[in-house]
Amino acid sequence: MGIIAWIIIGLLAGLIAKALLPGKDPGGIIITMLIGIAGGLLGGWLGKAVFGVDSIDGFFELSTWIAAIVGSIILLVLYRVITGNRHSRRA
């Protein structure tokens, strides 16, 4: 897949991850999109490295979308843990 396809998958995976984990995020929509793109790459890498499956088959393959969404959820949770502690100290 090309880089444009990964960006599109990442953006959509970030939105889906945000819908699955509702709540207030300190970063806004731009950070959510960047987390989605990075999460898509992380999910693809985890699928290949940890589970030994080729999770990056193609744009319309279910395994590609699941890997991207799972990666986005992981990064969104990590982002909330890291930034949530920082914002609670200021208040």
Side-chain angles (χ1 to χ4, degrees):
M1 283 193 325
I3 189 72
I4 301 296
W6 270 113
I7 291 172
I8 293 170
I9 288 174
L11 293 174
L12 294 173
L15 290 173
I16 293 169
K18 175 72 172 152
L20 293 173
L21 296 172
K24 186 173 182 183
D25 289 321
I29 189 79
I30 301 296
I31 297 297
T32 302
M33 289 189 293
L34 293 174
I35 287 173
I37 294 169
L41 296 173
L42 174 68
W45 178 80
L46 283 175
K48 189 119 178 136
V50 176
F51 300 111
V53 297
D54 191 16
S55 58
I56 310 170
D57 291 332
F59 188 83
F60 294 106
E61 295 292 326
L62 183 61
S63 61
T64 301
W65 286 93
I66 291 173
I69 292 168
V70 168
S72 296
I73 288 172
I74 291 169
L75 288 183
L76 185 59
V77 168
L78 287 175
Y79 177 72
R80 286 181 180 179
V81 167
I82 292 169
T83 60
N85 292 338
R86 191 177 324 155
H87 287 285
S88 64
R89 286 187 208 144
R90 282 192 220 161

Visitor: Atom CD1 of I31 and atom CG of L75: how far apart are they, to the nearest 0.5 Å?
Guide: 12.0 Å
Visitor: Quick one: CG on L20 to CG on L15, what's the gap to the nearest 0.5 Å?
Guide: 11.0 Å
Visitor: Might you point out which heavy atoms bring L42 and G71 nearest each other, and give the distance in Å?
Guide: CD2-O, 3.9 Å
Visitor: Please determine which of L78, L76, V77 meets the side-chain contact (heavy atoms from CB on, under 4.5 Å) test together with I74.
Guide: L78
Visitor: Is the shortest side-chain heavy-atom distance between K18 and I35 below 4.5 Å?
Guide: no
Visitor: Kindly give the heavy-atom pair with the smallest separation between S72 and G40, and that separation in Å.
Guide: OG-N, 4.0 Å
Visitor: To the nearest 0.5 angstrom, please state how far the CG atom of L34 sits from the OH atom of Y79.
Guide: 9.5 Å
Visitor: Search all heavy atoms of A17 against all heavy atoms of I73 and return the closest pair with its distance.
Guide: CB-CG1, 3.7 Å
Visitor: Taking only residues two or more places apart in sequence, or in another chain, which ones meet I37 in a side chain to side chain contact (heavy atoms under 4.5 Å, CB included)?
Guide: I7, L11
Visitor: Rounded to the nearest 0.5 Å, what separates atom CG in L12 from atom CH2 in W65?
Guide: 4.5 Å
